[in-house]
A.B. asks: 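Structure below; questions to follow.
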Amino acid sequence: MSDTKKRLDPDPRIWDFETEYELGQDNIRPFGLDIHNPVFLISSVLIAAFVLLSLANQEASAEFFGWLRPWLTSTFDWFLVLSVNAITLFCLALIILPVGSVRIGGKDAKPDYSYAGWIAMMFAAGIGIGLLFFGVLEPTYYNFAEGGAAHPLGIDDQTPGNEYIGIVGTIHHWGLEGWAVYAAVGLALAIFAYNLNLPLTLRSAFYPILGERIWGWWGHTIDTLAVFATLFGLTTSLGLGAQQVAAGLNEVFGIEPSNTVYVLLIIGITLIALGSVCLGMDAGVKRLSEINMVMAVGLFIFVLLVTGIGTAISRYFSVMTDYVLLLPALSNPFGREDTSFFHGWTTFYWAWWISWSPFVGMFIARISRGRTVREFVLCALIAPTMVCALWMSTFGGAAIDMLNAGGAEGVRATVIDAYKPEGALFGFLKELPFYSVIAPISLVLIIIFFVTSSDSGSLVIDTITAGGKMDAPVVQRVFWCTLEGLVAIALLLGGGLAALQGAAVSTGIPFTIVVLIMCYCLWRALRAERAKL
């Protein structure tokens with residue numbers, strides 16, 4: 001046990017803290033495990049109870065979650081939007097302020113990973129299957145939903161950018177605001193862990209205001225809430241991934257989607273993820289992340305070539321211009337006429353991004369030692385926004401052009417005529433050459449994204465419940481990876497997509513308060529680190 005003193009603020013006050021959790025006398029080691037007792041036990045027991053209740057009362061669960069999500073997103077819309085706006089402005093300010101020169105891990109710290117490996121892992125964890133699931137679905141749905149109900153801002157035919165307004169609305173959901181949440185949480189965890197030698201867990205970021213109380217029930221509560229937010233945010237993606245894989249299996253092999261297929265898929269993917277989890281960060285997660293980045297780039301280049309490079313580039317700059325111009329209106333929570341878009345999509349997305357923030361934030365913090373604050377924010381905020389926009393404008397834009405020309409019947413059938421979102425990507429790929437080759441490759445890519453989300457999420461939850469330790473026993477990672485699969489199954493059977501989304505929103509809204517306080521604590525820590533330089 002070491003006793004270190006750090007100055008977190010330029011004022012004369014000095015705070016003491018322990019670098020290990022031995023002060024909390026909460027560690028237990030049964031059967032060789034290393035469990036941070038209250039967080040692990042409370043989280044695992046409550047989640048296991050949730051799984052059992054959901055499976056035993058599937059109809060009641062479906063009814064409850066069907067009510068929960070719309071009530072939450074319409075009641076707390078202003079709070080979510082204003083909070084995400086504040087977090088975004090805070091992150092953008094860090095790029096230009098002097099604190100941007102602070103280096104994660106101290107002035108002599110060196111990066112643990114190359115740029116390619118670092119960005120690949122960050123991207124795979126932060127987006128998961130989102131690009132593949134929503135890349136065609138969202139832009140076309142916003143553009144062609146019946147009666148224009150889902151058009152962002154209720155824009156009429158005279159508004160500039162209306163031709164591709166669906167892409168603009170999609171970039172809004174996958175752009176600056178969402179990645180700012182990840183960047184804020186990730187940077188806070190990285191600074192407190194690598195610069196101030198606190199454990200890599202959520203409670204550590206609250207040391208400036210809680211002091212030694214982070215070792216007690218205040219800290220336990222914060223970490224437990226982070227586990228719930230992470231697990232339910234992650235299982236939403238896993239459920240969506242299972243549905244899309246099932247759609248791909250139907251297209252490639254003629255296997256009809258059903259609850260049995262979904263369950264078998266989640267079990268199979270969880271088993272693959274267990275293998276990656278057992279291999280660890282470098283041998284498992286890093287390699288899979290690099291593989292799916294290469295495959296995703298390959299699929300993107302193929303679509304770009306066959307749909308027209310010149311058209312795609314022109315469309316990209318056009319929609320990015322419209323995105324910048326319309327961003328203030330899209331980020332305004334008051335007086336909105338586009339209630340279907342605003343409540344049905346935007347507020348859900350903000351809650352979903354926030355519920356994912358402990359998972360992605362801790363993951364990117366873990367791999368970002370040696371980067372400056374400015375470098376971190378630029379790579380975790382600006383670069384992903386540009387890439388997501390490029391993907392959405394290429395896939396979604398090409399689908400919109402096809403629909404306007406009277407084609408893309410597969411997209412029309414799954415997005416417009418009958419809402420079957422999991423089939424939108426394959427409906428689009430049918431319009432392209434070499435479908436018999438591209439469809440299986442896309443299916444494999446979805447599965448790998450599915451696996452990387454599961455295994456990296458397991459590593460993060462394990463770190464939180466082990467008190468911030470990054471070398472907890474493998475059996476604990478196996479436990480959390482298995483539990484993730486069980487929760488995804490319970491939600492799919494107990495309400496389907498509405499249950500998955502309702503669970504994410506219900507944890508994301510209270511965790512928003514946690515993220516806002518983390519930003520304040522991060523600012524105090526960065527001022528102190530800058531003062532030491």
Side-chain angles (χ1 to χ4, degrees), residues 2-19 83-113 115 118-119 122 176-177 179-212 214 222 357-358 360-385 468 514-533:
S2 59
D3 185 11
T4 7
K5 292 186 177 182
K6 297 283 183 182
R7 185 185 294 270
L8 294 178
D9 215 51
D11 65 34
R13 184 163 72 170
I14 305 291
W15 289 320
D16 299 332
F17 62 85
E18 298 291 336
T19 60
S83 297
V84 171
N85 289 348
I87 295 167
T88 304
L89 293 174
F90 172 72
C91 288
L92 292 173
L94 295 180
I95 298 174
I96 59 176
L97 292 174
V99 295
S101 62
V102 173
R103 187 172 296 276
I104 299 170
K107 63 179 181 179
D108 299 322
K110 303 297 182 185
D112 295 329
Y113 301 96
Y115 263 112
W118 180 48
I119 293 175
M122 184 187 304
L176 288 174
E177 289 94 333
W179 284 95
V181 175
Y182 288 171
V185 175
L187 184 58
L189 293 172
I191 291 296
F192 282 95
Y194 296 133
N195 293 65
L196 302 174
N197 299 322
L198 284 163
L200 184 61
T201 188
L202 275 292
R203 70 175 73 201
S204 297
F206 291 80
Y207 195 87
I209 58 177
L210 292 179
E212 299 296 334
I214 65 169
I222 292 168
S357 64
V360 181
M362 183 173 292
F363 185 80
I364 62 177
R366 185 169 176 175
I367 62 176
S368 298
R369 188 202 304 264
R371 308 292 178 182
T372 66
V373 169
R374 187 170 293 111
E375 186 181 12
F376 178 96
V377 176
L378 283 171
C379 288
L381 180 59
I382 306 299
T385 295
V514 174
V515 177
L516 291 171
I517 299 173
M518 287 180 74
C519 290
Y520 168 74
C521 295
L522 171 61
W523 174 246
R524 293 187 61 175
L526 288 176
R527 284 177 56 209
E529 289 297 294
R530 173 65 181 172
K532 288 192 293 185
L533 294 176

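Since the structure is predicted, the reported quantities are computational estimates derived from the model, not experimental observations.
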A.B. asks: What pairs with S83 under side chain to side chain contact (heavy atoms under 4.5 Å, CB included), at least two apart in sequence or on another chain?
C.D. replies: F79, T512, L516

A.B. asks: Rounded to the nearest 0.5 Å, how far does CD1 of I191 lie from OG of S204?
C.D. replies: 13.0 Å

A.B. asks: What is the minimum heavy-atom distance between A365 and A190, and which atoms define it?
C.D. replies: CB-N, 3.7 Å

A.B. asks: So, for S368 and F376, which heavy atoms are closest and what is the spacing to 0.1 Å?
C.D. replies: OG-CE1, 3.5 Å

A.B. asks: Do the non-hydrogen side-chain atoms of L202 and M362 ever get within less than 4.5 Å of each other?
C.D. replies: yes

A.B. asks: Which residue pairs pass the side-chain hydrogen bond (donor to acceptor under 3.5 Å, both in side chains) test with at least one member in residues 91-103, sequence neighbours excluded?
C.D. replies: S101-R530

A.B. asks: Which value, rounded to the nearest 0.5 Å, describes the distance between D112 atom CG and Y194 atom OH?
C.D. replies: 6.5 Å

A.B. asks: By side chain to side chain contact (heavy atoms under 4.5 Å, CB included), which residues pair with L378, not counting sequence neighbours?
C.D. replies: I95, R374, I382

A.B. asks: Quick one: do W179 and Y182 satisfy ring pair (Phe, Tyr, Trp, His ring centres under 6.0 Å)? Show the steps, please.
C.D. replies: CA-CA 5 Å; W179 284 95; Y182 288 171; 5.4 Å; yes

A.B. asks: Determine whether L94 and V99 make a side-chain contact, defined as any pair of heavy atoms from C-beta on separated by less than 4.5 Å.
C.D. replies: yes

A.B. asks: Which distance, rounded to the nearest 0.5 Å, do you find between the CG of L187 and the SG of C91?
C.D. replies: 7.5 Å

A.B. asks: List for me each residue that meets side chain to side chain contact (heavy atoms under 4.5 Å, CB included) alongside A193, sequence neighbours excluded, and say none if there are none.
C.D. replies: L200

A.B. asks: What's the separation between atom CE in M518 and atom CG in L189, rounded to the nearest 0.5 Å?
C.D. replies: 4.5 Å

A.B. asks: Where do S357 and V515 come nearest, in terms of heavy atoms and distance?
C.D. replies: OG-CG2, 3.9 Å

A.B. asks: For a side chain to side chain contact (heavy atoms under 4.5 Å, CB included) with L92, tell me which candidate from I87, V377, L381 qualifies.
C.D. replies: L381

A.B. asks: Is any side-chain heavy atom of L97 less than 4.5 Å from a side-chain heavy atom of W523?
C.D. replies: yes

A.B. asks: Counting C-beta onward and ignoring hydrogens, is there a side-chain heavy-atom pair between F192 and P208 closer than 4.5 Å?
C.D. replies: yes

A.B. asks: What's the spacing between I104 CD1 and R371 CZ if we round to 0.5 Å?
C.D. replies: 9.0 Å

A.B. asks: Nearest heavy-atom pair of A525 and L196: which atoms, and what distance?
C.D. replies: CB-CD1, 4.3 Å

A.B. asks: Is it the case that the side chain of R369 and the backbone of G105 share a donor-acceptor pair, with hydrogens and angles ignored and the cut-off at 3.5 Å?
C.D. replies: no

A.B. asks: Please report the C-alpha distance between C519 and L522 in whole Å, then the side-chain angles of each, then the deciding distance to 0.1 Å, and finally whether the side chain to side chain contact (heavy atoms under 4.5 Å, CB included) criterion is met.
C.D. replies: CA-CA 5 Å; C519 290; L522 171 61; 5.6 Å; no

A.B. asks: Any chance you could measure T385, atom OG1, to E177, atom CD, to the nearest 0.5 Å?
C.D. replies: 8.5 Å

A.B. asks: Using the side chain to side chain contact (heavy atoms under 4.5 Å, CB included) criterion, which residues pair with C379? Sequence neighbours excluded.
C.D. replies: Y115, W118

A.B. asks: Counting only heavy atoms from other residues, nucleotides and ligands, does the tally under 6.0 Å from OH of Y520 exceed 12?
C.D. replies: no

